[in-house]
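Here is the structure we will look at, set down as structure tokens.
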Amino acid sequence: MRKERVATPKKTITIIVPCYNEAEGLPLFYDEWKKVVQDLSYEFFLLLVDDGSVDATWSVMEELREKDARVCTLALSRNFGKELAMLAGLDYAQGDAVIFMDADLQDPPSLIPAMLAEWEKGYQDVYARRRSREGETWFKKKSSHVYYWLLRHMADIDIPMDVGDFRLLDRQAVDALCRLRERKRYTKGLFSWIGFRKKEILFDRPPRAAGMTKWNYWKLTRLAFDGIASFSEVPLHIASLLGLLCSGSAFLYLLFIFIRTLFYGDPVAGYPSLVCIILFIGGIQLIVLGIMGEYIGRIYSEAKHRPDYLVMAWHGDSKEGKFEEK
Ligand code: UDP
Ligand code: MG
């Protein structure tokens, strides 16, 4: 893009928007975004990442790019999931800071000035926290409470409650995140892991502007487990502990049976208790194997060294992503 010659060059901010089937909502998002940034004295880029959408998202993106040279578009070769779409955005983003936003206007662009103000004060990771969780079921609220508690105690990383991916990251933080190339990404945890000066701002999260949410309970549960397994080895310790507990109590029970048989003889009985014990121990063994499997799966997927994502098209200003496969 043409750069104006000014005495003090404006700081450049890239807004990264991962999009999966957002054809309907994207134009609304663009209009909102444009209104907000026109009054700000920064140079903005809007980096739209098409995460393998199957609707008209890509053509909508290209239309926006025709209209506005600040729009950059990146198409991944298939749906890699929001976490990897965000990584792709980070790789291709340029400028002094980036801001992650959802395409559905649930992250209101009106918050951008407040984020920039905090950034100017020297904060390097300015994240938006939902003030309330209205409109969500009791079960969802409760389960997320329990989950964050678990994460804090098991994984030793403190992820603030009610914080999504809506945040501003300084160039230093962006570069740090780009260096973390793990495939099963749990970005929320990575944000905490990298550190840097953090600042929270509060906002009210509106409902989706258009389209449907891409999350269901199964996907959320997977993400939740990814969080724990990427940051904690506690489940493995629990597995060993369970084994120890079971074999310990089995040994005590064995002693008990042995002594009882010595004193009272052995009338053949105890079939039901035997079955119960076999089933119980069998169940625990399967659980423990499953936990180990989760970690082995992680080793496997890292060991393959596949690229995190593949790019199909890049229409933007910068040369190319830092980590793109050659
Ligand atoms: N998204 C994506 N890839 C996916 C799923 C979602 O890029 O596989 C994007 C989606 O287009 C949206 C953002 O991630 O911009 C958040 O998704 P969604 O609104 O469905 O999540 P929710 O707000 O319900 O948590
Ligand atoms: Mg949403």
Side-chain angles (χ1 to χ4, degrees), residues 14-33 46-61 64 71-93 98-109 111-112 127-137 139-141 143-144 147-148 159-167 183-188 190-191 203-224 226-227 308-314:
T14 300
I15 313 278
I16 302 176
V17 187
C19 304
Y20 179 53
N21 297 344
E22 300 284 1
E24 226 179 310
L26 208 48
L28 303 174
F29 172 83
Y30 171 77
D31 291 340
E32 268 308 291
W33 170 79
L46 183 62
L47 173 46
L48 304 173
V49 184
D50 179 8
D51 184 18
S53 302
V54 289
D55 66 354
T57 302
W58 179 249
S59 47
V60 173
M61 285 182 177
L64 292 177
V71 176
C72 309
T73 53
L74 178 70
L76 304 186
S77 62
R78 64 169 170 84
N79 179 240
F80 282 90
K82 185 182 179 192
E83 307 283 317
L84 289 176
M86 283 164 63
L87 174 68
L90 281 180
D91 285 342
Y92 280 75
V98 309
I99 300 179
F100 280 119
M101 299 186 82
D102 285 359
D104 54 9
L105 284 176
Q106 282 193 291
D107 301 337
L111 225 63
I112 293 176
Y127 56 86
R129 189 158 77 91
R130 262 182 279 178
R131 202 171 275 135
S132 66
R133 284 185 159 238
E134 274 162 45
E136 281 188 7
T137 59
F139 177 73
K140 197 162 177 194
K141 281 186 220 174
S143 53
S144 85
Y147 175 65
Y148 282 107
I159 297 177
M161 280 273 297
D162 298 338
V163 174
D165 298 318
F166 184 23
R167 64 177 70 217
R183 284 184 44 79
K184 295 238 176 198
R185 288 179 87 75
Y186 183 66
T187 314
K188 273 189 202 182
L190 298 180
F191 290 142
F203 80 119
D204 293 305
R205 194 160 207 246
R208 241 177 184 280
M212 297 262 289
T213 175
K214 275 89 196 174
W215 295 99
N216 51 35
Y217 272 115
W218 170 242
K219 274 196 182 175
L220 278 176
T221 314
R222 282 298 327 164
L223 187 72
D226 275 349
D308 293 305
Y309 56 85
L310 289 175
V311 169
M312 199 156 62
W314 163 238

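Predicted model only: the values in this text are computed from it and were never measured. In listed order, ligands and their atoms are each counted from 1.
Here the side chains of Asp31 and Phe29 are not in contact, with every heavy-atom distance at 4.5 Å or above. Here the side chains of Arg131 and Phe203 are not in contact, with every heavy-atom distance at 4.5 Å or above. Proximity of Asp51 to Pro18: side-chain heavy atoms (C-beta onward) are nowhere separated by under 4.5 Å.
Scored by the salt bridge (charged side-chain N to carboxylate O under 4.0 Å, His left out) test, Lys188 finds no partners at all (sequence neighbours excluded). For Arg78, the side-chain contact (heavy atoms from CB on, under 4.5 Å) partners two or more places apart in sequence, or in a different chain, are Phe80.
Neither side chain, Asp165 nor Tyr127, offers a donor N or O lying under 3.5 Å from an acceptor on the other.
Near ligand 1, residues Pro18, Cys19, Tyr20, Glu22, Asp51, Asn79, Gly81, Lys82, Asp102, Ala103, Asp104, Gln106, Arg205, Arg208, Thr213, Lys214, Trp215 come within 4.0 angstrom through at least one heavy atom.
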Original post:
Could you go step by step and tell me if Thr57 and Glu22 meet the side chain to side chain donor-acceptor pair (under 3.5 Å) rule?
Top reply: CA-CA 6 Å; Thr57 302; Glu22 300 284 1; over 6 Å; no
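Protein nitrogen, oxygen and sulfur atoms, that is N, O or S, within less than 2.8 Å of the Mg ion (ligand 2) amount to 2.
Between Cys19 and Ser53, the closest heavy-atom pair is O-OG, 3.5 Å.
Rounded to the nearest 0.5 angstrom, Glu32 CD and Met101 CE are separated by 9.0 Å.
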